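One structure is given below, encoded as structure tokens.
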Amino acid sequence: MKQYMKSLLNLTAFELDRISKFLYTLLGVTLLLNLIGYIYTPMRYVGRMNEYMQTELVTAQQAIERFGSFSFYDVTSALWLLAPVTLGISGLLLYSLFIWYREWMGKNTFAYRLLMLPVPRMQIFYSKLFVIYIAIFSLIAVQIISLTIGFQIVSAIVPDDWLSGMTLVQALNIHPLFTVILPVSSFYFLSANGIGLTFMLVLFTVILLERSYSFKGLGIGIAYGVITVLIAVFPAFLPNLVQNYYLFYDSEIMALIIVLMTVIGVTSLLISRHLLNKKITI
Amino acid sequence: MTKYSKLISFVLLCVLTLSAFGIYQIQTSATLPEIEVVTEEGNADELDALYFIGNIYSTQSSGRSSTFEFKDGGFSYLNNRSVFRHLDYVYNPVANRYVSDYRSFMRGKARNISNFTETDDEIVYTAMASDVNWRRMYDDNMLDISLFDKDSEEEQSYEVRLEGASYHGIVASYYHAPELTIVTQAADEQMRNGWYIYTFNFDEPEDTLSPEVNVGQALDSSSVQISFSPTGTERYIPFKSLQPGAEDEYGEITDYTTDAFHVYDIQTGDFQEIPLFEEGETLVLSEDEQVVVGQDLGETINWHVWNVTDESLNELGSTDMITPSIGRLPVYYYNHSFNQGLQLVNGHVYAYEDHYSEDGYGRPMFQVIDLDSVSTDFSGYFELEDRENDRSTEIMLFDFMINPL
Amino acid sequence: MIEVKDIHKQFGRKKVLNGVSFTIEKGEISCLVGVNGVGKTTILNAIMNLTPVKKGSVTIDGETLVPALYNKIAFIPDASISLPHFTIQESMDFMNDYYDTWNARRAKDILKFFRLNASDKLRDLSKGNQAKVNLLLGLALDVEYILMDEPFSGIDIFTREQITEVFSSYLVEDRGVLITTHEINDIEHLLDKVILLDEGKIYKEFNAEHMRETEGKSVIDVMREVYTG
């Protein structure tokens with residue numbers, strides 16, 4: 001067991017080392033764009049308020065009536081914060097493909113080395129999965145740190161009287177994106193991560209199918225992906241299928257979705273293990 | 001060790017930040033404000049039969065909104081429930097109580113107030129088949145009826161075709177064992193909207209039902225409203241005929257005046273007209289065998305009992321109302337019912353108003369009148385305990401019911 | 001003993017291996033020979049569980065290959081199998097992290113023998129030196145069997161000589177070695193067993209020295225007979 005954990009840790013540390021440059025870039029871009037957003041968005045508001053007060057010769061209160069008070073939500077909904085999130089999600093999604101295909105790419109066939117390691121081959125699978133999750137959570141952590149600092153920056157730029165009084169947590173609670181990707185609501189956060197984890201397991205399985213059976217595997221993989229999506233969303237259409245909207249309670253539909261997603265996840269793990277152990281081709 | 005330093009750093013970054021953020025959220029999360037019943041007159045215990053679902057929200061921050069319920073004289077916030085319990089929550093006090101107490105019976109059944117009638121021992125479910133299956137043809141006119149014994153939890157189900165009209169919507173049902181009286185709104189062959197009353201006998205169940213009466217035709221009125229029924233056990237169903245008033249720029253009638261009140265006697269199938277008062281508005285309520293008529297003078301209501309035998313009024317006395325409009329304003333804005341804010345249950349009139357304080361805060365207000373003594377057993381409102389220091393939180397009532405049992 | 005038993009393999013509709021069986025004994029140097037595309041690399045991959053076979057089995061000392069057995073058998077493929085941005089030292093450290101049988105002292109010896117610099121990055125090395133690193137990473141393992149795929153492919157004459165020296169050194173002593181190569185001349189005299197593949201089957205299995213002594217033919221002569229005649 002100790003040996004198993006040691007090699008798994010080694011592989012994870014190794015994979016993390018390989019992703020680190022890419023991850024640092026994502027984190028850097030996030031912080032930089034966020035910083036611009038924390039300064040530019042409130043400055044623009046303050047500028048507009050001042051200009052309106054000077055040209056129309058009105059009080060700050062009248063200007064607030066015209067433009068509304070400023071809340072941190074105005075910052076979080078700006079492109080400066082949304083763009084890096086989108087970039088992070090799409091970047092890590094692409095990296096999830098790259099993390100496997102690079103082993104077969106170019107002159108260097110590192111897949112030889114990985115597959116010939118005297119460790120269970122699923123450790124390769126787990127280490128890649130862990131590293132993707134470490135990257136996801138690092139982005140989340142840095143986003144939280146960034147938002148906390150950003151809240152202070154915005155509060156310093158906009159005069160207190162012009163602020164709506166919305167707290168950081170309140171601003172995140174009503175944000176359609178942050179409320180899902182950040183741990184603001186445990187239900188949404190767990191749901192998003194549950195769906196995300198199942199998606200990653202299916203994606204890895206599809207990749208391994210392709211690596212095992214080539215074009216035929218890609219076809220099987222796409223079919224597998226489509227079937228898993230259909231299975232996962234099937235409970236949502238159950239009321240329509242049974243032609244009674246109230247036959248199942250929402251909690252039962254939710255429980256069924258969780259069970260099916262778990263089944264999909266475990267099935268994907270078993271298929272992946274079989275492929276890695278018996279079918280994978282250099 | 002150095003080969004793990006990056007791994008350890010990233011994991012620590014994640015764990016520490018997420019933990020700190022969790023602690024920060026707990027520390028900064030505002031505790032939900034306490035709500036209290038402010039009694040102006042009488043005893044707040046009179047509200048024990050009241051079950052309502054309300055919401056508090058911040059007027060300053062749209063991020064803060066919480067739903068609560070008032071039940072058995074106490075408050076509880078819904079946020080404190082598990083996700084799974086929350087998912088099954090029905091924002092309708094009657095259906096929510098049934099889902100909680102009779103989960104198996106409620107499976108597959110529509111969850112509107114109008115679908116249920118309850119007595120001490122039984123619950124009757126009445127709904128069109130299309131109410132639970134939105135893809136089903138609305139004009140197949142199939143009605144589902146279930147009689148549920150609360151003790152044995154046994155259920156008898158029937159499927160019945162309604163004749164005489166199409167596209168039925170169940171408005172109310174009234175149960176006097178073994179007969180069930182069903183009021184529907186439906187369309188006739190010319191697609192004109194009308195009110196129909198059907199009777200179903202559990203001792204002699206039939207596959208098809210023909211209307212006992214077409215209310216509009218019987219009352220010679222094109223616009224009819226029914227009294228909102230909290231119990232479904234009354235013998236006399238009050239109907240109000242309306243006279244269309246002004247039209248808006250689109251030709252829609254926006255204003256109606258009361259033309260006449262009639263009560264439909266479930267046992268005889270006859271209508272009796274109740275005369276309007278010359279002074280003030282007329283109110284008609286009913287419960288069990290009793291029809292109560294009120295002369296609404298704004299500040300006071302003079303209560304009478306309608307004597308169905310000689311069609312006369314017996315005066316009970318007068319009650320001072322806490323506001324000139326309490327109970328007499330529409331609550332749900334469904335245009336097919338009246339008495340939405342004035343419900344007669346167990347000989348008590350419960351009057352509700354979405355009242356506002358002088359400084360503009362919403363405070364759901366109730367007045368409970370005992371018709372035996374025509375005195376106010378309770379009047380008061382719901383308010384934040386700490387209103388002095390919380391000027392940005394509003395209270396709003398979604399839906400309420402008076403539990404007659 | 002490595003026992004390859006009746007393995008079948010096809011790519012698409014093309015049958016590559018059609019019932020190949022042979023054994024590799026410890027202390028023997030065996031060579032799979034055959035023209036391009038005859039399935040030599042596929043056999044090595046199949047032994048190492050790097051490609052599935054349709055039918056047949058491979059056992060190593062009676063056991064089916066499981067990950068733990070990679071401490072018993074090493075494969076040196078005809079491709080660089082360390083990361084290009086790694087230095088030779090980092091590649092060796094990587095091996096040390098996972099293999100119980102990694103022999104650091106021997107690695108040092110081979111490094112010296114091949115005159116490689118541990119701090120050089122793999123991507124900066126010539127093809128010949130990359131092949132040497134591959135050999136280094138395989139030979140420094142205290143394994144009982146070594147498989148090598150085309151160790152001389154695209155390598156200059158001097159490097160080839162160096163690599164040839166390995167086959168007569170203590171580095172392969174007492175081990176079972178299976179190699180595939182076209183450059184049979186250089187090592188012919190070292191081979192114990194030659195396995196000649198043709199049309200997905202073993203055409204002939206013989207001892208090179210015995211063949212030379214009894215029939216006066218070199219391995220190339222036998223190959224010429226099979227593939228051209």
Side-chain angles (χ1 to χ4, degrees), chain A residues 9-10 12-17 19-20 23 27 69 71 73 130-131 133-145 147-148 164-175 179 182-187 189-191 239-240 242-255, chain B residues 1-22 24-30 58-65 79 82-90 95 99 103-104 106-112 115 127 129-136 144 392:
Chain A
L9 266 179
N10 274 338
T12 310
F14 170 69
E15 287 289 351
L16 185 65
D17 205 48
I19 199 180
S20 55
L23 186 55
L27 296 176
S69 55
S71 77
Y73 181 74
F130 290 162
V131 160
Y133 263 82
I134 289 171
I136 292 171
F137 277 88
S138 299
L139 276 169
I140 291 172
V142 164
Q143 187 66 71
I144 289 171
I145 294 168
L147 285 164
T148 317
S164 73
M166 188 185 281
T167 67
L168 171 62
V169 176
Q170 282 167 2
L172 299 180
N173 255 310
I174 55 168
H175 198 283
T179 196
L182 299 183
V184 181
S185 142
S186 48
F187 176 69
F189 189 65
L190 288 175
S191 302
N240 276 324
V242 296
Q243 305 214 349
N244 186 327
Y245 197 77
Y246 301 99
L247 192 61
F248 298 99
Y249 287 98
D250 288 351
S251 64
E252 292 164 351
I253 300 272
M254 174 61 75
Chain B
M1 196 60 197
T2 47
K3 70 181 168 192
Y4 297 129
S5 54
K6 216 175 268 178
L7 180 62
I8 292 167
S9 310
F10 273 110
V11 171
L12 273 181
L13 170 78
C14 298
V15 171
L16 291 178
T17 311
L18 293 180
S19 312
F21 187 61
Y24 174 73
Q25 281 189 86
I26 292 165
Q27 280 181 343
T28 54
S29 66
S58 169
T59 50
Q60 282 186 358
S61 159
S62 53
R64 196 172 140 200
S65 165
N79 307 27
S82 73
V83 170
F84 281 89
R85 277 193 69 191
H86 203 74
L87 281 172
D88 291 345
Y89 194 80
V90 186
V99 166
R103 190 176 171 87
S104 171
M106 286 298 283
R107 188 176 291 284
K109 294 191 169 60
R111 292 166 193 172
N112 293 316
N115 297 123
S130 51
D131 286 344
V132 296
N133 176 14
W134 301 336
R135 285 161 65 199
R136 189 166 174 149
D144 289 327
S392 64

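Keep in mind that this is a model prediction, so the values were computed, not measured. FYI, side chains are in, hydrogens and waters are out, and symmetry mates aren't considered; it's all heavy atoms of this structure. Labels below follow one simple rule: chain letters A, B, ... track the order of the sequence lines, proteins then strands, and each chain is numbered from 1.
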Side-chain contact, heavy-atom cut-off 4.5 Å: [X] with [Y]?
X	Y	answer
Leu13(B)	Ile145(A)	yes
Leu16(A)	Tyr4(B)	no
Leu168(A)	Thr148(A)	yes

Segment of [X] engaging chain B (4.5 angstrom heavy-atom cut-off):
X	result
Ala255(A)	both
Ser186(A)	neither
Ile140(A)	side chain
Ile19(A)	neither
Val142(A)	side chain

Which atoms of [X] approach chain A - backbone, side chain, both or neither, heavy atom under 4.5 Å:
X	answer
Tyr89(B)	neither
Ala110(B)	both
Lys6(B)	both

Side chain of Arg111(B), backbone of Ala95(B): donor and acceptor closer than 3.5 Å? no

Without hydrogens or angle criteria, can the side chains of Lys3(B) and Asn10(A) be said to hold a donor-acceptor pair below 3.5 Å? yes

For Leu87(B) and Met254(A), the nearest pair of non-hydrogen atoms, with its separation, is CD1-CB, 3.6 Å

Chain B contacts, top residue of [options] (heavy-atom pairs, under 4.5 Å):
options	result
Thr12(A), Asp17(A), Ile253(A)	Asp17(A)
Phe137(A), Tyr245(A), Tyr249(A)	Tyr249(A)
Tyr246(A), Tyr73(A), Phe248(A)	Tyr246(A)

With a 4.5 Å cut-off on heavy-atom pairs, point out which of Ala20(B), Gly108(B), Cys14(B) contacts chain A the most. Gly108(B)

Please determine if Asp88(B) and Arg103(B) form a salt bridge, counting it only when a charged side-chain N lies under 4.0 Å from a carboxylate O. yes

From CG (Leu139(A)) to CD1 (Ile144(A)), nearest 0.5 Å: 11.0 Å

